[in-house]
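Remarks on the structure that follows.
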Amino acid sequence: LHLAYSSGILVPKPLYVRRNVLIMEFIGDKGIPAPTLAEIEIDDQDLDQVLLLIKKLYQNAHLVHSDLSEFNLFKNSSNIIAFDFASAVTISHPMSKEFLLRDLNNINRFFIKRGYDSFNTAEMFQEIVQD
């Protein structure tokens, strides 16, 4: 989470860590958490933001979320914010590319289920790892 945050990725700000306890910024308003993508209506801009977030995680923070889905992406106002980095790996991890492809497939599956056209995961994968 700290690597993502320090790389300018939209994630909750990590505030404190002790042993296995992480305290991070609350994402929401007046004590009510921001909804996840699974809980709300989505639009084309949401898909664009999610794909850009995945690309920035890989290229700027050198991370792959490894468990990305509609359940760990908040939408706060008009921003998509990733959370739950418990499974994240650095791009040097031997399975990072497999995890990246799985993340892309998860996101593609969710948007298709919501009625959006699919994107070419292989092309998006290449764009992310080659840039």
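To the nearest 0.5 angstrom, Ile54 atom CD1 is 12.0 Å from Phe125 atom CZ. To the nearest 0.5 Å, atoms CD1 (Ile42) and CD (Gln49) are separated by 12.0 Å.
Among pairs with a residue in residues 64-84, those fulfilling salt bridge (Lys or Arg N to Asp or Glu O under 4.0 Å) read Asp43-Lys75, Asp46-Lys75, Glu70-Arg109, Glu70-Lys113, at least two apart in sequence or across chains.
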Output side-chain donor-acceptor pairs under 3.5 Å for residues 90-99, partner residues at least two apart or in another chain, one line each.
unit_1 : atom_1 : unit_2 : atom_2 : d
Thr90  : OG1    : Ser92  : OG     : 2.9
His93  : ND1    : Met95  : N      : 2.9
Ser96  : OG     : Ile91  : O      : 2.9
Ser96  : OG     : His93  : O      : 3.2

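Heavy atoms from other residues, nucleotides or ligands lying under 6.0 Å from OH of Tyr5 number 12 at most.
Taking 4.5 Å as the limit, every side-chain heavy atom of Ser87 sits out of range of all side-chain heavy atoms of His65. Within the 4.5 Å cutoff, the side chain of Ile107 has no heavy atoms near those of the Asp103 side chain.
In the hydrophobic clustering (ILVMFWY side chains linked at under 4.5 Å, chained through shared members), Ile81 is joined by Leu10, Ile27, Phe74, Phe83.
With hydrogens and angles disregarded, a donor-acceptor distance shorter than 3.5 Å links the side chain of Gln59 to the backbone of Ile128. Arg102 places no side-chain N or O within donor-acceptor distance of the main-chain N or O of Leu68, the cut-off being under 3.5 Å. Listed for the Ser77 side chain is no donor-acceptor partner under 3.5 Å among the backbone atoms of Asn79. Under the 3.5 Å distance criterion, the side-chain polar atoms of Asn108 are matched with a main-chain donor or acceptor of Phe119.
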